[in-house]
Amino acid sequence: MALTGQEITVLGAGIGGLTAALALARRGARVRVLEQAEALTEVGAGIQIAQNGMVVLRALGVFDDPPPAVCSQGVDLRDYRAGRLVMRLPPPAAGPTWYFHRADLIKTLARAAQAAGVNIELGQTAVAVSTVGGAACIHLASGREMETPLLIAADGMRGPGRAAVAGDTIAEFSGQVAYRALVPGQPGAPERATLTMAPGRHAVTYPLRDGKVTNIVAFQERRDWERDSWRDTIDAAEVRATFADFGGPVGQLFQRIETAHIWALYLHPVASQWHKGAIALLGDAAHPTLPYMAQGACMAIEDAWVLADCLTNDGGFAAYQARRIERVRRVVAAAGANAWRFHARSPMREIGQLGLTVAGRWLAPRYTWLYGHDVTSSPAL
Ligand code: FAD
C-alpha cells in the first residue's frame, strides 16, 4: 500500500528529518517539515556517511553520481608523537565512506525533498508535542497549534519529541568534549581519513570539498566543560596547545587552526519507546550516540528508510521500532566502547602503540572493528 495522500508532519530539518520527509514523499505522502532555524545551515564541519547511509540516499535519488563529497580511500592510523603511519585500513568491503560538508548534505537533501513535493517551513519552533485522540498536536512558540494525523519527531536529542514519547531521560556527561575546526588544504595522503590516538585524546581528520579544506574533530577527556551546547566557540590557541604534542601531518593541521568550536558529549540511553499514538521518534531524538563510530546520521538515515517502509506496508510504528532498536543499540554500545579504545591511557598502551607500528600490517585486518566495518556492510534496505 502506498502512502498516497497521507498527511505527515516531520519536526526538524536535520539529516534525519529531511531524509524521512523525502522517503515518505517518495511513497506518496503529503509531507510538511517544521524547522526552528530561520535558514537551513549547519555549523560548518564535515560528516562521514558510510555505505549503509549512502545506500539509502542513493535509493532515494538524493544526488546524481558522484555525490557532492570526497570518496574515502580508507583510514590511516597514526601515532601521535611523530605522526608515523601505524596502519592503513582499506575502505570497507561493502563500499566506501563519503566525506560531506554538512551544509552540502543538508542543502542537497532539502533540494531533493522539495523537488519531491515536501513543504519545508522554517522559523517554526515547537515548544511541545502531544497526542490528541488519534492525531498529534504541535504547540509552536508563536502560540499556534497544529494538528496532524502523523508526526515524525526528528528534532534531535534536545527537542520536545523525546520527552513526549519516551518521558524525560537524564543525560549523563561523558567526561569528554569534542573540538571541531576546518583548516585550508589537505596534507599527507589525499582522500584518506586519519585517526590519531593519544593518552586521553584522539583526533580524526578528513578532506572536504575536493581537498580544499580539512575537517578536524578532536576529542579530549575533560571534566570541566559540562555545558550542554554544541556551538560554543573556543580560543583556537587553547586547542593548538591541547594537541601541541601531536607531530607529523596531523600536528601541522592543528597548528593551522584559527577558529574552533567545542561541545560536551553526553550519554543518552536509547529510548525504550519510540512511538506513542500518532507520534514516532527518529534519529537522535530516539538514539543519540557518541560519535566514535561516525554512525549517528547514518542510523537516522536508516531509520527514515525503514519508517517509510513500515508505514507503507501496514506494519506501522511498532514494526518500525522492532526493526530498528536492536541494531541501533548495538551501534550506540560499540561507539561508547570505542571512546576508551581510542584513548591510549596507560604507558602500556603507549608501548602498545609503538608495537602496532611494527606489527601494523599483521594487525590491520583485526582492527576493522575500530571503524565499524561490520555495521556499514549490513545496511537497512
Ligand atoms: P539533528 O541533526 O539534531 O537535527 C534536529 C533538527 O531539529 C535540527 O535542525 C533542529 O534545529 C530541529 N529542532 C530541534 N528542536 C526543535 C524544535 N523545538 N522545533 C523545531 N525544530 C527543532 N554521524 C555520522 O553518521 N557520521 C559522522 O561522521 C558523524 N560525526 C559526528 C561528529 C560529532 C562531533 C558529533 C557530535 C556527531 C556526529 N555524528 C555523525 C552524529 C550526527 O551528527 C547526528 O547523529 C545526526 O546529525 C542526527 O540527525 P537528526 O536529524 O536526528 O538530528
Side-chain angles (χ1 to χ4, degrees), residues 9-21 33-43 45-54 56-57 69 72 75 97-102 105-106 109-110 120-129 138-142 146 151-164 174 176-181 193 202-206 208 215-219 229-231 261-266 268 281-304 328 331-332 335 371-372 375-376:
T9 302
V10 175
L11 185 63
I15 293 167
L18 290 172
T19 310
V33 178
L34 303 177
E35 165 58 46
Q36 65 185 1
E38 296 291 343
L40 282 185
T41 50
E42 274 264 11
V43 172
I47 188 151
Q48 308 179 49
I49 301 297
Q51 175 69 357
N52 56 318
M54 292 300 289
V56 173
L57 297 180
S72 169
V75 182
T97 293
W98 291 75
Y99 305 137
F100 284 85
H101 194 293
R102 281 181 187 249
L105 180 56
I106 287 284
L109 274 169
I120 302 174
E121 296 180 29
L122 301 174
Q124 304 289 338
T125 303
V127 289
V129 299
I138 305 141
H139 309 260
L140 294 168
S142 60
M146 292 171 69
L151 174 63
I152 311 306
D155 49 346
M157 62 181 93
R158 298 180 190 86
R162 177 155 179 150
S174 68
Q176 298 172 35
V177 298
Y179 303 96
R180 275 199 321 198
H202 79 274
V204 176
T205 70
Y206 50 87
L208 298 176
N215 185 65
I216 303 177
V217 198
F219 302 90
S229 157
W230 66 303
R231 295 200 171 165
H261 290 87
I262 179 173
W263 72 103
L265 298 175
Y266 281 78
H268 301 249
L281 303 177
L282 183 137
D284 274 14
H287 47 74
T289 170
L290 289 177
Y292 303 144
M293 291 276 285
Q295 275 289 323
C298 294
M299 287 296 113
I301 291 169
E302 286 192 2
D303 285 354
V328 163
V331 170
V332 170
Y371 239 53
V375 169
T376 61

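When a ligand or atom number is given, it counts from 1 through the structure's own listing order.
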Legend entry - V217 N/O to ligand 1 N/O under 3.5 Å: no

Inset, instruction - Indicate yes or no: at least one non-hydrogen side-chain atom of V75 is less than 4.5 angstrom from one of T97. - result: no

Legend entry - Donor-acceptor side-chain pairing of Q36 and D155 below 3.5 angstrom: no

Inset, instruction - Give yes if a backbone or side-chain nitrogen or oxygen of L11 is under 3.5 Å from a nitrogen or oxygen of ligand 1, and no if not. - result: no

Inset, instruction - Using a 4.5 Å cut-off on heavy atoms from C-beta on, say whether the side chain of I138 contacts that of Q124. - result: no

Legend entry - Selected option - heavy-atom contact closest to atom 39 (N) of ligand 1, from M299, E121, M293, R102: R102

Inset, instruction - Go through ligand 1 atom by atom and flag the ones less than 4.0 Å from a non-hydrogen atom of I15. - result: 51 (O)

Inset, instruction - Could you grab the distance from atom CZ of R180 to atom CZ of F219, nearest 0.5 Å is fine? - result: 9.5 Å

Inset, instruction - Answer yes or no: does an N/O atom from F219 fall short of 3.5 Å to an N/O atom of ligand 1? - result: no

Inset, instruction - Using a 4.5 Å cut-off on heavy atoms from C-beta on, say whether the side chain of D303 contacts that of H287. - result: yes

Legend entry - E35 side chain near L40 side chain, heavy-atom distance below 4.5 Å: yes

Inset, instruction - State, with a plain yes or no, whether a side-chain heavy atom of Y292 is found less than 4.5 Å away from one of L265. - result: yes

Inset, instruction - Would you mind reporting whether V332 and M299 have side-chain heavy atoms less than 4.5 Å apart? - result: no

Inset, instruction - Taking only heavy atoms of Q124 into account, list the atoms of ligand 1 that are under 4.0 Å away from them. - result: 19 (N), 20 (C)

Inset, instruction - Report yes if some N/O of I47 lies less than 3.5 Å from some N/O of ligand 1; otherwise report no. - result: no

Inset, instruction - Give the atoms of ligand 1, by number and element, whose distance to some non-hydrogen atom of C298 is under 4.0 Å. - result: 25 (O)

Inset, instruction - Indicate yes or no: does an N/O atom of Y206 lie under 3.5 Å from an N/O atom of ligand 1? - result: no

Inset, instruction - Enumerate the atoms of ligand 1 whose separation from the nearest heavy atom of T125 is less than 4.0 angstrom. - result: 19 (N)

Legend entry - Minimum heavy-atom distance between T289 and G296, given as atom pair plus value: CG2-CA, 3.6 Å

Inset, instruction - Compare all side-chain heavy atoms of N52 with those of I301 and state whether any distance is below 4.5 angstrom. - result: no

Inset, instruction - Report the part of A37 in contact with ligand 1, treating N, CA, C, O as backbone and CB onward as side chain, heavy atoms under 4.0 Å; options are side chain, backbone, both, neither. - result: neither

Inset, instruction - Could you list which atoms of ligand 1 come closer than 4.0 Å to a heavy atom of G283? - result: 52 (O)

Legend entry - Side-chain (Y99) to main-chain (N215) donor-acceptor, under 3.5 angstrom: no

Inset, instruction - Please indicate whether any nitrogen or oxygen in W263 is less than 3.5 Å from any nitrogen or oxygen in ligand 1. - result: no

Inset, instruction - Kindly identify the option in H139, Q48, Q36 whose heavy atom sits closest to atom 16 (C) of ligand 1. - result: Q36

Legend entry - Q295, portion touching ligand 1 at heavy-atom distance under 4.0 Å: backbone

Legend entry - N or O contact, G296 vs ligand 1, cut-off under 3.5 Å: yes

Legend entry - R180 N/O under 3.5 Å from ligand 1 N/O: no

Inset, instruction - Please examine the side chains of L282 and V10, heavy atoms only from C-beta on, and report whether any two atoms are closer than 4.5 Å. - result: no

Legend entry - Heavy-atom proximity to atom 6 (C) of ligand 1, best of A300, G17, A154, G161: A154

Inset, instruction - Number the atoms of ligand 1 from 1 as they appear, then name those within less than 4.0 Å of a heavy atom of G12, with their elements. - result: 6 (C), 7 (O), 12 (C)

Inset, instruction - From the options G156, G123, P160, select the one whose nearest heavy atom is closest to atom 53 (O) of ligand 1. - result: G156

Legend entry - Heavy-atom donor-acceptor pair, Y206 side chain to I47 backbone, under 3.5 Å: yes

Inset, instruction - Please work out which of L282, L265, D155 has its closest non-hydrogen atom nearest to atom 14 (C) of ligand 1. - result: D155

Legend entry - G16 neighbourhood, listing ligand 1 atoms whose heavy-atom distance to it stays under 4.0 Å: 50 (P), 51 (O)

